[in-house]
Amino acid sequence: MPALTDDQKQSIYIVATISCFLSLLGTSFVIFSFIRLRKIVLASFINHLALCLAVCDFWSALWYGIVAIMHATNTPVPASFCVFQGWFQEFTYTGANYWTLTFAVETFLQVVKGKSVREKIKVIH
């Protein structure tokens with residue numbers, strides 16, 4: 001497979017930057033909505049999970065966008081920055097996966113069992 005040309009790489013970086021910007025707009029709107037309506041929206045445990053997932057997505061998109069902009073502008077990247085970037089990206093991806101799993105389990109318990117995890121924990125304690 002032939003290597004990508006510089007124009008093709010630049011196009012990929014521009015598309016990545018635009019998608020990160022749109023993701024940041026979306027997650028910022030979700031986070032702002034949760035903060036603005038916290039008494040109404042954050043009354044249930046599942047809404048807390050959705051907020052945590054939105055925060056993970058926000059940080060992931062922000063960091064990915066920074067890296068895409070750095071590559072698009074041919075900014076030299078120090079090795080320590082690459083190590084931290086790799087760690088932070090993996091941290092946010094793993095966090096998003098765990099929040100998604102917890103969100104799915106909570107939704108299952110509410111739909112099938114009729115009780116949330118928080119209510120079940122109160123019964124046990």
Side-chain angles (χ1 to χ4, degrees):
M1 182 170 194
L4 295 174
T5 66
D6 288 340
D7 289 338
Q8 290 172 330
K9 288 179 186 178
Q10 192 70 16
S11 298
I12 291 172
Y13 295 141
I14 290 171
V15 169
T17 304
I18 291 170
S19 67
C20 288
F21 177 73
L22 292 175
S23 182
L24 284 171
L25 280 178
T27 55
S28 296
F29 176 75
V30 169
I31 292 169
F32 177 75
S33 298
F34 273 102
I35 290 171
R36 183 89 168 111
L37 303 170
R38 76 178 148 257
K39 290 183 181 177
I40 300 168
V41 176
L42 292 179
S44 70
F45 182 62
I46 200 160
N47 290 342
H48 282 276
L49 295 175
L51 176 61
C52 292
L53 182 60
V55 169
C56 277
D57 287 342
F58 175 83
W59 285 111
S60 179
L62 179 68
W63 202 253
Y64 189 73
I66 290 170
V67 172
I69 290 170
M70 289 178 76
H71 284 295
T73 58
N74 292 324
T75 305
V77 182
S80 59
F81 180 82
C82 288
V83 169
F84 182 74
Q85 184 265 338
W87 177 84
F88 199 79
Q89 279 297 111
E90 193 58 37
F91 177 76
T92 56
Y93 290 153
T94 304
N97 288 335
Y98 282 128
W99 287 118
T100 303
L101 174 67
T102 309
F103 191 84
V105 169
E106 174 68 14
T107 303
F108 171 78
L109 290 174
Q110 283 187 2
V111 170
V112 174
K113 303 291 184 181
K115 289 187 176 181
S116 71
V117 172
R118 187 178 282 176
E119 292 172 358
K120 291 187 180 302
I121 291 172
K122 286 180 184 176
V123 171
I124 294 171
H125 289 80

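Because only heavy atoms are used, hydrogens play no part in the values below, and waters and symmetry mates are left out as well, while side chains stay in. Note that this is a predicted model, so its numbers are computed, not measured.
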**Message:** Parallel, tilted or perpendicular: which one describes the rings of W87 and F91, with boundaries at 30° and 60°?
**Reply:** parallel

**Asked** Are there more than 12 heavy atoms of other residues, nucleotides or ligands under 6.0 Å from atom CH2 of W63?
**Response** yes

**Request:** Enumerate the residue pairs fulfilling ring pair (Phe, Tyr, Trp, His ring centres under 6.0 Å) with a member in residues 4-33, sequence neighbours excluded, ordered by first and then second residue.
**Result:** Y13-H71

**Request:** Would you kindly confirm whether F34 and L62 end up in one hydrophobic cluster when ILVMFWY residues are joined by side chain heavy atoms under 4.5 Å apart?
**Result:** yes

**Request:** Could I get the full list of ring pair (Phe, Tyr, Trp, His ring centres under 6.0 Å) partners for W99, not counting sequence neighbours?
**Result:** none

**Prompt:** Quick one: ring pair (Phe, Tyr, Trp, His ring centres under 6.0 Å) partners of Y98, sequence neighbours excluded?
**Reply:** none

**Message:** Nearest 0.5 angstrom please: C52 SG to D57 CG, how far?
**Reply:**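 It is 11.5 Å, given to the nearest 0.5 Å.
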
**Prompt:** Just how far is it from atom CG of L53 to atom OG1 of T102, taken to the nearest 0.5 Å?
**Reply:** 10.0 Å

**Message:** Can you list everything that forms a side-chain hydrogen bond (donor to acceptor under 3.5 Å, both in side chains) with Q10? Sequence neighbours excluded, please.
**Reply:** none

**Test side-chain hydrogen bond (donor to acceptor under 3.5 Å, both in side chains) applied to S80 - qualifying residues, sequence neighbours left out** =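 Listed in chain order: nothing, the list is empty.
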
**Item:** G95 to C56 - nearest heavy-atom pair and separation
**Value:** C-SG, 3.8 Å

Could you tell me which residues satisfy side chain to side chain contact (heavy atoms under 4.5 Å, CB included) with [X], sequence neighbours excluded, listed by chain and number?
X   : result
S60 : Q89, T92, Y93
S11 : none
I31 : I35, L51, A54, V55, F58
V77 : M70, F81, C82

**Prompt:** Does the T100 side chain pair with the main chain of A96, one donor and one acceptor, at a distance under 3.5 Å?
**Reply:**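 Yes.
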
**Message:** Using a 4.5 Å cut-off between side-chain heavy atoms of Ile, Leu, Val, Met, Phe, Trp and Tyr, which other residues end up in the same hydrophobic cluster as I12?
**Reply:** L4

